[in-house]
Amino acid sequence: MPSDFYTDVWDLVRLIPEGRVTSYGAIAKYLGSARSSRMVGWAMNASHSAPEPVPAHRVVNRIGMLSGKAHFPDPDEMQRRLEAEGVVVENDRVVDFDLLCWNPMTELMLE
DNA sequence: AAGTTGACCCCGA
DNA sequence: TTCGGGGCCAACT
């Protein structure tokens with residue numbers, strides 16, 4: 001049984017709209033642990049055993065780099081899924097990441 | 001039980 | 001601007 005922190009991360013990641021991406025830091029911050037962005041990585045690492053699928057491909061590091069692509073069952077799938085959603089990926093990096101960045105605080109605050 | 005590692009981030013040189 | 005080091009905290013050895 002995964003800890004609550006993991007499920008929180010997963011839930012949040014599932015809220016990311018198609019064609020948008022976010023960063024580990026933003027997630028960590030939203031969950032109250034601004035400095036624990038590494039734990040978000042661990043949560044992603046455990047996302048394989050998540051009860052429901054987690055769109056981990058929409059989570060990248062602060063500069064929009066696909067840092068976790070190597071950890072997917074099929075690394076190329078991460079980029080493919082992003083491009084399928086309209087996100088342009090070039091050289092393992094999200095183009096216009098600044099525009100596509102989905103900030104949980106801002107977006108969920110507007111609700 | 002203790003040390004190392006890591007899908008990160010920030011800051012100073 | 002790029003580079004190195006410190007911090008974070010759970011998982012792994």
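Throughout, protein chains are lettered first and strands after them, A, B, ... in sequence-line order, and every chain is numbered starting at 1.
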Rounding to an integer number of angstrom, what distance separates dC3(C) and dA7(B) when you compare their C1' atoms? 22 Å

Tell me, do V21(A) and V59(A) make a side-chain contact under 4.5 Å, heavy atoms counted? no

Beyond-backbone contact of M39(A) with S33(A), side-chain heavy atoms, under 4.5 angstrom: no

State, yes or no, whether a side-chain contact exists between P104(A) and T22(A) at a heavy-atom distance under 4.5 Å. yes

Interatomic distance where CZ belongs to F5(A) and P belongs to dA11(C) [whole Å]: 10 Å

Inter-residue atom distance H57(A).NE2 - M44(A).CE, 0.5 Å rounding: 11.5 Å

Answer yes when R58(A) and E85(A) have at least one side-chain N-carboxylate O distance shorter than 4.0 Å, and no when they do not. yes

Report each atom pair, protein N/O against N/O of nucleotides 7-9 of chain B, whose distance is under 3.5 angstrom.
from, atom 1, to, atom 2, distance (Å)
dA7(B), OP1, H71(A), NE2, 3.1
dA7(B), O5', H71(A), NE2, 3.2
dA7(B), N7, N45(A), N, 3.4
dA7(B), N6, M44(A), O, 2.7
dA7(B), N3, Y24(A), OH, 3.2
dC8(B), OP1, S67(A), OG, 3.0
dC8(B), O2, S37(A), OG, 3.4
dC8(B), N3, R38(A), NE, 3.2
dC8(B), N4, R38(A), NE, 3.4
dC8(B), N4, R38(A), NH2, 2.2
dC9(B), OP1, G25(A), N, 3.3
dC9(B), OP1, R62(A), N, 3.3
dC9(B), OP2, R62(A), N, 3.0

